[in-house]
Amino acid sequence: MSTPIKNRYDFVILFDVENGNPNGNPDAGNMPRIDPETGYGLVTDVCLKRKIRNYVEDLKEEAPGYRIYVKEGVPLNRSDAEALTAVGVSGDLKAAKKADPGIDKKLRDFMCSNFYDIRTFGAVMTTFVKGALNCGQVRGPVQLNFARSIDPIVPQEVTITRVAITTEADAEKKGTEMGRKHIVPYALYRAEGYVSANLARKTTGFSEDDLQLLWQAILNMFENDHSAARGKMAVRELIVFKHDSELGCAPAYKLFQKVQVQRVEGVEVPRRYEDYVVSVSDDLPEGVHCERLS
């Protein structure tokens, strides 16, 4: 792996959905997530991280250093066991800690060097937590907030029919069954995130190569994840603020305020990305540079 990043970054992701459900809420019949007080749509941080993980997994295909820790069908303990084997530990973890006080760092370094998502987002590693090892909870340098729609959304429930009948008894009574899909006709969402060079250096070793892969994964996170349920989803723009120092040259919220998304004059009901205008102020704090990727 290359050396850890030396600059702090803050970034804004703009993505949209057309006739799809960007992030269903299982507590509400899988309807699109919504803030009940304002009507704005929501997409969780873990949903976006899942898309990023999936893209990296598809791109790297288990290449050394780019495996994914949090993935479907693979128990976390199985990956934890690999680290224990690598450092020569078996049996009682507390006893191993007494025998080797540096075991925490060895295990953490193994997991960070082998798993891209731990190196990026951090992780809670259950085996090490239960073993009372300090490396069980790793705080990653990359963090994401919930995404929120630019305008309030009006989810629609669309009734559909299907010719496939569930049971033999039902087949004798009817020829079709009814179903429902929840969609958002159109919405533009905004998510904000942070990359800490300080945590990268001190904890996970998140590198410049990792950073470029992160930007690539964000821009393409919906491209290999298309489905009928999610409709048309695409990342429209990634706006990156780079600081000239490890700890940053300005508060993140001030930089986020530089990004303005406004509806085009005369558009009452947005139905496409071109119904919005995205602008970034040139008046940036000293030591901060902006790059717009799409």
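The first residue in the sequence is number 1, and the count goes up from there.
- With a 6.0 Å cutoff to the six-membered ring centre and a 45° limit on the axis angle, R148 counts as a cation-pi contact of Y40.
- The main-chain N or O of L214 is found under 3.5 Å from a side-chain atom of Y116 such that the two form a donor-acceptor pair.
- Side chain of Y186 to main chain of Y273: a donor-acceptor pair is present (N/O by atom type, distance under 3.5 Å, no hydrogens or angles).
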task: List the steps and the verdict of side-chain hydrogen bond (donor to acceptor under 3.5 Å, both in side chains) for N114 and R67.
output: CA-CA 6 Å; N114 280 274; R67 296 169 59 194; 4.8 Å; no

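- Judged purely by atom type and a 3.5 angstrom limit, Q137 has no side-chain atom pairing as donor or acceptor with the backbone of N134.
- Within a 6.0 Å sphere centred on CD of E157, heavy atoms belonging to other residues, nucleotides or ligands number more than 12.
- Between F15 and F222, the ring planes are tilted. Angles from 30° to 60° get that label.
- Between the side chain of N25 and the main chain of M31, no donor-acceptor pair closer than 3.5 Å is present.
- Remark: R236 is not positioned above the aromatic ring of Y189, lacking an NZ or CZ atom under 6.0 angstrom from the ring centre and at most 45 degrees off the axis.
- Atom CZ of R271 has more than 12 heavy atoms from other residues, nucleotides or ligands within 6.0 Å.
- The ring pair (Phe, Tyr, Trp, His ring centres under 6.0 Å) test with Y194 singles out one residue from Y253, F11, F256, and that residue is F256.
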task: Take D117 and Y66 through the side-chain hydrogen bond (donor to acceptor under 3.5 Å, both in side chains) test and state the conclusion after the steps.
output: CA-CA 8 Å; D117 56 337; Y66 293 96; over 6 Å; no

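- Of the options V184, L42, V154, I153, a side-chain contact (heavy atoms from CB on, under 4.5 Å) to I34 is made by I153 and by none of the others.
- Under the 4.5 Å side-chain heavy-atom criterion for grouping Ile, Leu, Val, Met, Phe, Trp and Tyr, M221 is connected to M233 within one hydrophobic cluster.
- With salt bridges taken as basic N to acidic carboxylate O contacts below 4.0 Å, one links E246 and R201.
- At least one donor-acceptor pair under 3.5 Å links the side chain of R119 to the backbone N or O of G65.
- Defined by atom type and a distance below 3.5 Å, a donor-acceptor pair is missing between the side-chain atoms of N7 and S245.
- Side chain of R263 to backbone of Y276: no donor-acceptor contact under 3.5 angstrom is found.
- Hydrophobic clustering keeps V138 apart from F206 (ILVMFWY residues linked when any side-chain heavy atoms are closer than 4.5 Å, directly or through intermediates).
- Follow the hydrophobic side-chain contacts under 4.5 Å out from L84 and you reach M111 in the same cluster.
- Of the possible donor and acceptor atoms, one in the side chain of R50 sits under 3.5 Å from a partner among the backbone N and O of V70.
- Taking a 6.0 Å sphere around CD of Q257, one finds it holds more than 12 heavy atoms contributed by other residues, nucleotides or ligands.
- Under the 4.5 Å side-chain heavy-atom criterion for Ile, Leu, Val, Met, Phe, Trp and Tyr, I68 and L59 are members of the same hydrophobic cluster.
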